[in-house]
Amino acid sequence: MKKQRSIAARLTLTFTAIVVLSCALLVTTSLTIFTKVNTVVEEIRYNDVLNENVKSEVQSGISIVQSYYDREQAGELTEEEAQNFAKDALRAIRYNDDQGGYIWIDNTDGDLVMHPILPEQEGDNRLNLEDCNGVMIIQEILKTAENGGGFNHFVFTKADGVTEAEKVAYSEEFDAWGWILTSGCYLDDIQAHMDTTQIDSLFDQSAVAMILESLVLIIIMILLTIYIVRKLMKSLGLISNSLDQLSQGNLTYTFEDKMMQRTDEIGTMVHHTSNAIQNLRKIVEEGMHTSDDVNSASNEMMEAAHTVADTTDQISQAIESVATEATEQADSISDVMQNINSMQEGTTQIQDSVNDIGSCARQLQESSNGMRHDLQEMQKGSSDMTEQVHNIAEKIDSTNKTIGRMSDILNSIEEIADQTKLLSLNASIEAARAGESGRGFAVVAESIKGLSENTSSELSNIKEIIDNLVKNFAECTECIDKVVESNAASISDSNEVIQAFHKLDEQIAITGNKADTIHTVVQGSITAINAISDQITDIAHGAESAAAASEEVTASVEELRALMQTMDSHTEKLHEKADNLNQTLNTFSIS
């Protein structure tokens, strides 16, 4: 793992490097300036030496020549005498500390008129005299003199006849006689006699002072940088501590008033961090409340699902009982039909069996009472089933209301998830702006975003489940309405059968009381038996309808039971999701 370096060390090193580089640049610039100043000063002094010594001597020589020329013009001397006096006067001139400075004379044709060091060359034409660098010495001197005078640089042999050195000469023309007066100095001699000790000392002192000042400035800036960086890191440490607390789920952290009152970027960062913690605290509180509400709602749904399941079992048992009784009723009606058929087939034997009619009438009376009792029980069972079906309808209506409340709660959770997603986006942006210090906060923001997206996905699944529940409950309600209608029809048929049995009882009573007049009423009995046969046929059809309706209700109840099991499974998943959400939110401390 790469070793991390603290921001304080980086800032200190950066500021120190900037200060050191700035001071180094300042010292280098200053030394460069001092060097150039020293060079310029030396050049100025060098020019001053040339002007004071060489130029002034040549101009003095021009004055001497002019004085003799004036005497010539006054008639005191002839031209030759005046020129000879002038040559002698110039030959005797010496200047500089070593008396090495002198003046020589050339004419405009390049002839050497007078040279105090080289008298043997006087009269020689030196117009083609050339130095080692190819400079035509005399030609350049003549040009400069004709242009009003000036300096020339060339290499010439010193008085020892061996050493060659660069020489600077000043030349000026005396027009009246056509003389070019020239005097020069060797540069090494000038530099050797120039006193630069004071300038060099000043330069050295200034350089040392600049270096010392730079070192003092570097030390001061380093100390100041360390002080500022420590204060900055102290503030950043508080913010980092708050973000660390936040990453651990502690939302109760608060900043000191001194930090909140700052008006710089640190204060702005503290305010943003504090606002983020408060907003996240509110979201977590709302999420906890919502999670509790969802948990409670899921518990209510689970209880309702268990209640509906129990009620479905009761309905199933009741319907099975009704189906059993309907089957028994159908069997009894089949027996009655067989008996009546036997009666119809044995109408010719009734007269021979008058003595047995009383006994048969009593048996028929008992069978009628039993059948009436069975029909009354079946009617009571149908009434109970109708009441149970109404109870199921009420439970389903209550469940639909609970589902409506769940939809509202899920909408609230979806809004909270959207707000949480938006908050995570803002937190990611603020973390990106915070840079390295906001990395932990960015991880929290990413976790919140993932939780929001998971919540939204689960909400979509729950909404789909609720829609399926509402649709299935609507179908269940339709089936219950059909069951109620079938039970009503069954009760109506049972009433008709009971009424028919009452009539049968009356006929049996008449048969028993008028046994002695059986012959006269045999035909009426046959008619009554036929009517009973028709009614029993209707009862048989009613029983078959009741059995079929019972089968349909049983199938609907089975579907309702499966639906309740599905609802119970989804409710358990919702409860589990709510518990997971609650556990996730409980990782944050808000009080």
| field | Steps toward side chain to side chain contact (heavy atoms under 4.5 Å, CB included) verdict (Q139, N128) | value | CA-CA 7 Å; Q139 294 180 18; N128 294 323; 3.7 Å; yes

Pairwise distance [atom1]([X]) to [atom2]([Y]) - rounded to 0.5 angstrom:
X    : Y    : atom1 : atom2 : value
I138 : N152 : CD1   : CG    : 10.0 Å
T225 : I220 : OG1   : CD1   : 11.5 Å
R71  : Q66  : CZ    : CD    : 13.5 Å
Y69  : L77  : OH    : CG    : 13.5 Å
I226 : M221 : CD1   : CE    : 11.5 Å
E164 : N133 : CD    : CG    : 9.0 Å

[X] and [Y]: which non-hydrogen atoms are nearest, and at how many Å?
X    : Y    : value
V65  : A86  : CG2-CB, 4.3 Å
L90  : G61  : CD2-CA, 3.5 Å
T144 : F151 : CG2-N, 4.0 Å
I137 : E130 : CD1-C, 4.5 Å
I64  : A89  : CG2-CB, 3.8 Å

Sorted by chain and number, sequence neighbours left out, side-chain contact (heavy atoms from CB on, under 4.5 Å) with I211 holds for V27, L215

Mark yes or no for whether [X], through its side chain, and [Y], through its backbone, hold a donor-acceptor pair below 3.5 Å.
X    : Y    : result
D131 : V135 : yes
D124 : R126 : no
N107 : D109 : yes

- Determine, step by step, whether I180 and L142 satisfy the side chain to side chain contact (heavy atoms under 4.5 Å, CB included) criterion, reporting the C-alpha distance in whole Å, the side-chain angles of both residues, the deciding distance to 0.1 Å, and the verdict. CA-CA 7 Å; I180 307 299; L142 295 178; 3.6 Å; yes

E80 atom CD, neighbour heavy-atom count above 12 within 6.0 Å
no

Q. Got a sec: does the CZ of F174 have more than 12 other heavy atoms crowding it under 6.0 Å?
A. yes

Are E140 and F154 close enough, and set up right, to give a side chain to side chain contact (heavy atoms under 4.5 Å, CB included), and what steps lead you there? CA-CA 10 Å; E140 294 298 326; F154 52 87; over 6 Å; no

Partner of Q83 under side chain to side chain donor-acceptor pair (under 3.5 Å), picked from E81, E79, K87, is E79

| request: Evaluate the ring planes of H115 and W104, with Trp represented by its six-membered ring, and classify them as parallel (under 30°), tilted (30 to 60°) or perpendicular (over 60°). | output: parallel

Residues 172-184 vs side-chain hydrogen bond (donor to acceptor under 3.5 Å, both in side chains), sequence neighbours excluded, gives E72-W177, Y95-S183, Y170-E172, S171-T182

Q: Please step through salt bridge (Lys or Arg N to Asp or Glu O under 4.0 Å) for the pair R91 and E122, ending with a clear verdict.
A: CA-CA 12 Å; R91 194 187 301 274; E122 292 179 0; 2.8 Å; yes

